[in-house]
Amino acid sequence: MSTWSRFTQNRYHNASLGFSLDYSRIPFPASFLAEMEPAAQRAYAAMAALEKGAIANPDENRMVGHYWLRDAKLAPTAELTRAIEDSLAQIRAFAADVHSGRLVGSSGKAFTRLLVVGIGGSALGPQLVNHALGRPGADKMAVSFFDNTDPDGIDYVLAQLAGHLPETLVVVISKSGGTVETRNGMLEAAAAFTAAGLAFAKHFIAVTGESSKLDQIAIAQGWLARFAMWDWVGGRTSELCTVGLLPAALQGIDTDAMLAGAAEMDAVTRATVTTENPAALLALMWHYETSGKGLKDMVILPYKDRLLLFSRYLQQLVMESLGKEFDLAGNVVNQGIAVYGNKGSTDQHAYVQQLREGVNNFFVTFIEVLKDRAGASMQVEPGVTTGDYLLGFYLGTRDALSEKDRHSVSVTIDELTPRTLGLMIALYERAVGLYASLVGINAYHQPGVEAGKKAATGVIALQHRLVAALTATPGQSFTAEALAARTEGCPELAYKLLEHLAANGTVKKTARTPWFNSEFSA
């Protein structure tokens with residue numbers, strides 16, 4: 001079959017959405033879609049049950065309702081519908097009060113800066129939207145992020161806010177209110193405001209679950225406002241609830257358009273005719289490329305600078321949802337699809353060399369945006385603009401990969417707007433859910449994340465024991481191995497902790513040869 005014939009037969013196009021999906025460069029056989037149709041129909045049924053309120057996360061006995069966020073009338077109870085609608089009204093009203101100057105900081109200055117404190121889905125989604133849709137110099141608020149518990153990273157952001165804290169609003173996002181990284185960022189931010197002589201509570205907003213630790217702190221300290229975060233919305237699918245909509249609305253982005261775009265894509269991707277459902281087609285292409293076992297990586301190549309963070313956003317959405325040890329029957333399957341990417345055409349000067357000529361362990365998703373910029377472009381040579389070259393690099397790279405039997409799909413949107421970004425978020429949320437059904441796993445829990453949190457708690461507990469042991473024996477020095485024996489800890493962990501504590505002045509280190517015989521003291 002010619003490239004043109006395959007292109008015309010294997011491309012989904014929806015003019016009303018301003019969207020298309022070209023899956024013609026995935027060389028699946030003619031029989032593939034028919035063979036997968038029974039599994040696809042089961043996936044549609046599972047998705048329909050999820051949207052009606054079925055318990056989709058049995059580990060925590062929770063529903064999964066991020067689809068209701070953009071069409072509240074689909075929620076299974078009137079109470080949930082009202083909660084969603086009330087939340088959207090609260091976001092709009094609060095943003096209007098901030099923008100108008102009716103709400104001001106503790107020094108009486110209007111808010112012009114926004115600091116978002118969160119991690120994982122509580123940061124990746126807002127960062128994506130901020131970068132994709134922001135208009136430097138025209139945004140109603142400039143946005144910064146604490147998205148880690150790295151002291152140097154926190155200092156970097158605070159340096160950018162130096163002199164602007166009186167006009168800075170802080171949104172602290174944590175569903176449970178107990179996420180340590182976010183708690184640490186909150187405490188660092190509060191300390192910075194206090195050091196500047198400002199009453200931080202009059203600058204702080206909580207986005208959290210009702211009665212959570214964070215909710216209780218916000219009430220006790222008299223924070224400026226509190227917004228709901230529901231247990232039926234996972235962090236990686238939370239961009240279109242308060243988590244993402246509040247920062248976007250404060251920035252001045254049209255959040256109603258984002259929701260409308262997501263709702264439009266949701267409507268299309270409920271189709272049970274597979275060739276009319278772009279999310280299903282995308283999930284099926286993933287299945288073909290990875291043999292339904294994650295045997296290939298997914299490389300995301302957006303040919304749009306503003307979508308640079310889309311690969312990071314999808315990294316969490318895909319890998320946290322699909323990276324599972326067990327299937328629904330309890331069998332060990334070690335599922336998942338690794339995701340990485342940067343942007344075109346930058347990647348052509350980075351790792352496309354390996355993609356074309358190295359190990360063939362991946363498939364590519366190209367993302368194309370037809371409209372180059374808001375205005376007209378100059379010509380960099382007769383009849384050719386910078387945007388024309390960008391398109392040329394995308395098409396040339398796609399062909400160069402195809403020549404070497406490297407496979408790809410291409411997602412195209414007419415232009416990048418709040419509506420089309422909402423549409424893209426909804427597309428991938430649905431594709432992930434459908435793929436999970438195809439391979440028989442639960443996309444909506446994350447036991448591996450919880451395991452990492454528990455392990456970190458154990459490390460901190462050992463640190464406390466090490467410091468206590470040294471403090472109790474002033475004037476004495478110990479090797480890491482000796483201290484580990486005293487504190488019932490692992491010698492390797494003890495050494496790493498002591499080395500870090502010494503570098504930051506908490507304990508003293510006397511270097512010895514060999515290095516593992518170095519001694520530590522209070």
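- Side-chain contact between Leu240 and Leu259: present, with at least one pair of heavy atoms (C-beta onward) separated by less than 4.5 Å.
- In this structure the side chain of Ile173 never reaches within 4.5 angstrom of the side chain of Val117, judged on heavy atoms.
- One distance of note links CZ of Phe520 with CG of Leu483; it measures 8.5 Å at 0.5 Å rounding.
- Of the N and O atoms on the side chains of Thr149 and Glu181, not one donor lies less than 3.5 Å from an acceptor on the other residue.
- Side-chain contact annotation: Ser176 with Ser212, donor-acceptor N/O pair under 3.5 Å absent.
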*Could you go step by step and tell me if Leu17 and Thr420 meet the side-chain contact (heavy atoms from CB on, under 4.5 Å) rule?*
CA-CA 8 Å; Leu17 287 182; Thr420 57; over 6 Å; no

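- Under a 3.5 Å cut-off, the side chain of Glu167 and the backbone N or O of Lys109 do not form any donor-acceptor pair.
- Between the side chains of Ser174 and Thr179, at least one donor-acceptor pair of N or O atoms lies under 3.5 Å.
- Scanning both residues, Lys202 and Ser106, for their nearest heavy atoms gives CB-CB, 3.9 Å.
- Using a 4.5 Å heavy-atom cutoff, the side chains of Val98 and Leu250 are in contact.
- Judged purely by distance below 3.5 Å, without hydrogens or angles, the side chains of Thr506 and Asn504 never pair a donor atom with an acceptor atom.
- Across every non-hydrogen atom of Phe145 and Ala123, the tightest pair is CE2-O, 4.3 Å.
- A 4.5 Å side-chain heavy-atom check between Val411 and Glu368 finds every atom pair outside the cut-off.
- A salt bridge does not link Glu210 to Arg226: none of the charged side-chain nitrogens sits closer than 4.0 Å to a carboxylate oxygen.
- Put simply, the side chain of Gln316 gets close to the backbone of Gly121: a donor and an acceptor are under 3.5 Å apart.
- To the nearest 0.5 Å, the span separating OG1 on Thr81 from CD on Glu79 amounts to 10.0 Å.
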_Verdict with reasoning, His203 to Phe111, per side-chain contact (heavy atoms from CB on, under 4.5 Å)_ = CA-CA 9 Å; His203 295 251; Phe111 292 116; 3.6 Å; yes

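- Counting heavy-atom neighbours within 6.0 Å of Lys509 NZ, excluding the residue itself, gives a total above 12.
- What you find for Val64 and Trp68 is that their closest heavy atoms are O-CZ2, 4.3 Å.
- Dense packing is recorded around CD of Gln221, with more than 12 heavy atoms of other residues, nucleotides or ligands lying under 6.0 Å away.
- Salt bridge annotation for Arg135-Asp139: present, with a cationic side-chain nitrogen under 4.0 angstrom from a carboxylate oxygen.
- When ring centroids are compared, Tyr428 and Tyr313 stay outside the 6.0 Å threshold.
- You'll find the ring centres of Tyr303 and Tyr394 inside the 6.0 Å limit.
- Side-chain contact, Thr269 with Arg430: a donor N or O sits under 3.5 Å from an acceptor N or O.
- When every heavy atom of Ala192 is checked against every heavy atom of Leu158, the shortest pair comes out as CB-CD2, 3.9 Å.
- Contact annotation: the side chain of Ile413 approaches that of Met424 to within less than 4.5 Å [non-hydrogen atoms, C-beta and beyond].
- Here the CG atom belonging to Leu307 is positioned 12.0 Å from the CG atom belonging to Leu301, to the nearest 0.5 angstrom.
- At least one donor-acceptor pair closer than 3.5 Å links the side chain of Gln315 to the backbone N or O of Val339.
- Within the 4.5 Å cutoff, the side chain of Gln127 has no heavy atoms near those of the Asn130 side chain.
- No donor-acceptor contact under 3.5 angstrom links the side chains of Thr208 and Asp215, judged on distance only.
- For Thr385 and Gln379, the side-chain atoms include no donor-acceptor pair closer than 3.5 Å.
- Across Arg70, Arg92, Arg419, a single residue satisfies salt bridge (charged side-chain N to carboxylate O under 4.0 Å, His left out) together with Asp256, and that is Arg92.
- Panel note: side chain Lys304, backbone Asp372; a donor-acceptor pair is recorded below 3.5 Å.
- The ring-ring contact (aromatic ring centres under 6.0 Å, His included) search around Trp223 returns Phe204, not counting sequence neighbours.
- Not a single donor-acceptor pair under 3.5 Å links the side chain of Thr487 to the backbone N or O of Arg465.
- Heavy atoms only, all atoms of each residue included: Ala249 and Ile91 are closest at CB-CG2, 3.8 Å.
- Between the side chain of Ser377 and the backbone N or O of Arg373 there is no donor-acceptor pair closer than 3.5 Å.
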*Show your reasoning for whether side-chain contact (heavy atoms from CB on, under 4.5 Å) applies to Phe19 and Asp414.*
CA-CA 7 Å; Phe19 169 88; Asp414 287 351; over 6 Å; no

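- The list of side chain to side chain donor-acceptor pair (under 3.5 Å) pairs with a residue in residues 93-102, not counting sequence neighbours, reads Asp97-Arg102, Ser100-Arg102.
- Looking only at side-chain heavy atoms (C-beta outward), Asn342 and Tyr351 come within less than 4.5 Å of each other.
- Within the 3.5 Å criterion, the main-chain N or O of Ala228 finds a donor-acceptor partner in the side chain of Thr242.
- With hydrogens and angles ignored, the 3.5 Å screen pairs a side-chain donor or acceptor of Lys324 with a backbone N or O of Asn442.
- Annotation: cation-pi pair Arg312/Tyr340 absent, no NZ/CZ under 6.0 Å from the ring centroid and within 45° of its normal.
- Here Asp231 does not pair with Lys175 in a salt bridge; the nearest charged N to carboxylate O distance is not below 4.0 Å.
- Judged by distance alone, the side chain of Ser87 and the main-chain N or O of Ile84 form no donor-acceptor pair under 3.5 Å.
- In plain terms, the two heavy atoms of Gly294 and Ile337 that are nearest each other are CA-CG1, 4.4 Å.
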*Yes or no on side-chain contact (heavy atoms from CB on, under 4.5 Å) for Leu246 and Phe94, after CA distance, side-chain angles and deciding distance?*
CA-CA 9 Å; Leu246 179 60; Phe94 187 85; 4.2 Å; yes

